[in-house]
Amino acid sequence: MRDENCIFCKIVAGEIPSRTLFEDEDFKVMLDVGPAAKGHALIIPKAHYADIYELPGELAGEAMKLAKRMATHMTTVLNCDGFNILQNNGEVAGQTVFHYHMHLIPRYKGGDEMILWKANHFSDEEMDALAEKLKVQ
Ligand code: 5GP
Ligand code: ZN
């Protein structure tokens, strides 16, 4: 499960170097080369899946377990004050590397601004309709 044009597949294969924090059969965790904060790391599955839609549910669960383990470890070692775990799917959502990855971003008091969004307002009718439409049966 490799995409020849994928930079993360090349990293997994050892063809491009990375600063690896953890590795097992299924995952690699490495420092991000363009860190949002000191210690920003990425969890990537070793097999190529473009995004959350392609990633098998089992691996998604394992990735989240690993995120918890890494966040706990990194918070202890870095003594950071908070932690973002986030994951982008699709260009419009900010994805730039199309090999699934989770961002592990330690946050520090007085550090760069965290990721924020402006709260939109939708009418009660729209919100009710959305909730109805999005209900999982
Ligand atoms: P996205 O925007 O797709 O959610 O995140 C892609 C991330 O991959 C960015 O934070 C970027 O800095 C990181 N990145 C891009 N190329 C490389 C690379 O060659 N090595 C590592 N370690 N990170 C990379
Ligand atoms: Zn890949």
Side-chain angles (χ1 to χ4, degrees):
M1 289 280 285
R2 174 186 165 133
D3 179 326
E4 288 307 321
N5 300 313
C6 171
I7 192 159
F8 285 0
C9 283
K10 288 180 182 155
I11 288 174
V12 167
E15 294 160 16
I16 293 176
S18 65
R19 294 185 175 88
T20 302
L21 311 184
F22 173 86
E23 195 162 7
D24 67 9
E25 204 182 314
D26 296 321
F27 294 101
K28 186 183 196 54
V29 184
M30 63 187 180
L31 287 184
D32 192 300
V33 288
K38 193 173 76 179
H40 181 171
L42 301 172
I43 296 180
I44 63 175
K46 288 190 167 175
H48 182 89
Y49 301 104
D51 50 32
I52 191 76
Y53 309 110
E54 285 191 5
L55 188 73
E58 181 137 331
L59 273 186
E62 291 304 318
M64 187 48 87
K65 275 200 232 168
L66 182 53
K68 177 179 165 64
R69 182 174 169 195
M70 289 304 304
T72 305
H73 170 72
M74 290 166 72
T75 299
T76 303
V77 174
L78 295 167
N79 200 26
C80 57
D81 303 300
F83 213 96
N84 290 122
I85 295 174
L86 61 98
Q87 197 273 309
N88 303 322
N89 300 284
E91 212 173 326
V92 74
Q95 187 174 11
T96 58
V97 176
F98 295 88
H99 176 130
Y100 177 91
H101 51 280
M102 287 171 89
H103 292 266
L104 305 173
I105 310 179
R107 293 292 176 183
Y108 306 90
K109 278 186 192 135
D112 284 349
E113 239 178 60
M114 60 173 281
I115 295 106
L116 295 174
W117 59 82
K118 126 182 125 51
N120 286 281
H121 181 79
F122 300 106
S123 69
D124 284 346
E125 291 72 25
E126 265 182 293
M127 294 291 274
D128 289 346
L130 260 178
E132 200 52 46
K133 191 171 167 182
L134 293 173
K135 262 189 190 131
V136 178
Q137 304 302 331

side-chain hydrogen bond (donor to acceptor under 3.5 Å, both in side chains) partners of residues 65-76, not counting sequence neighbours, each pair once: E62-K65
I need the minimum non-hydrogen distance between [X] and [Y], along with the two atoms involved.
X	Y	value
G39	L78	CA-CD1, 4.2 Å
A63	F27	N-CZ, 3.6 Å
I105	A37	CG2-CB, 4.2 Å
A41	L21	CB-CD1, 3.8 Å
D3	N5	OD1-N, 2.8 Å
L55	P45	CD1-CG, 4.1 Å

Should [X] and [Y] be regarded as members of a common hydrophobic cluster, given that ILVMFWY residues are connected when their side-chain heavy atoms come within less than 4.5 Å of each other, either directly or indirectly?
X	Y	answer
V33	V12	no
I43	V77	no
V97	I16	yes
Y49	L42	no
M70	M102	yes

Audit row: E54, F98, side chain to side chain contact (heavy atoms under 4.5 Å, CB included) steps and yes/no: CA-CA 11 Å; E54 285 191 5; F98 295 88; over 6 Å; no
Residue pair M1, K46: steps toward the side chain to side chain contact (heavy atoms under 4.5 Å, CB included) verdict: CA-CA 8 Å; M1 289 280 285; K46 288 190 167 175; over 6 Å; no
Distance (rounded to the nearest 0.5 Å) between L66 CG and L104 CG: 7.5 Å
Min side-chain heavy-atom separation Y100-L59 under 4.5 Å: no
For Q95, all residues meeting side chain to side chain donor-acceptor pair (under 3.5 Å), sequence neighbours excluded: none
Test side chain to side chain donor-acceptor pair (under 3.5 Å) applied to H99 - qualifying residues, sequence neighbours left out: H48
Summary of salt bridge (charged side-chain N to carboxylate O under 4.0 Å, His left out) pairs that have at least one residue in residues 25-34, sequence neighbours excluded: E23-K28
Salt bridge (charged side-chain N to carboxylate O under 4.0 Å, His left out) partners of residues 126-136, not counting sequence neighbours, each pair once: E132-K135
Please set out all donor-acceptor pairs under 3.5 angstrom arising from side-chain atoms of residues 83-94, sequence neighbours excluded.
unit_1, atom_1, unit_2, atom_2, d
N84, OD1, R107, NE, 2.6
N84, OD1, R107, NH2, 3.3
Q87, OE1, N89, ND2, 2.9
Q87, NE2, N89, OD1, 3.0
N89, OD1, I52, N, 2.9

Test item: Y108 side-chain N/O and K38 main-chain N/O as donor-acceptor pair under 3.5 Å: yes
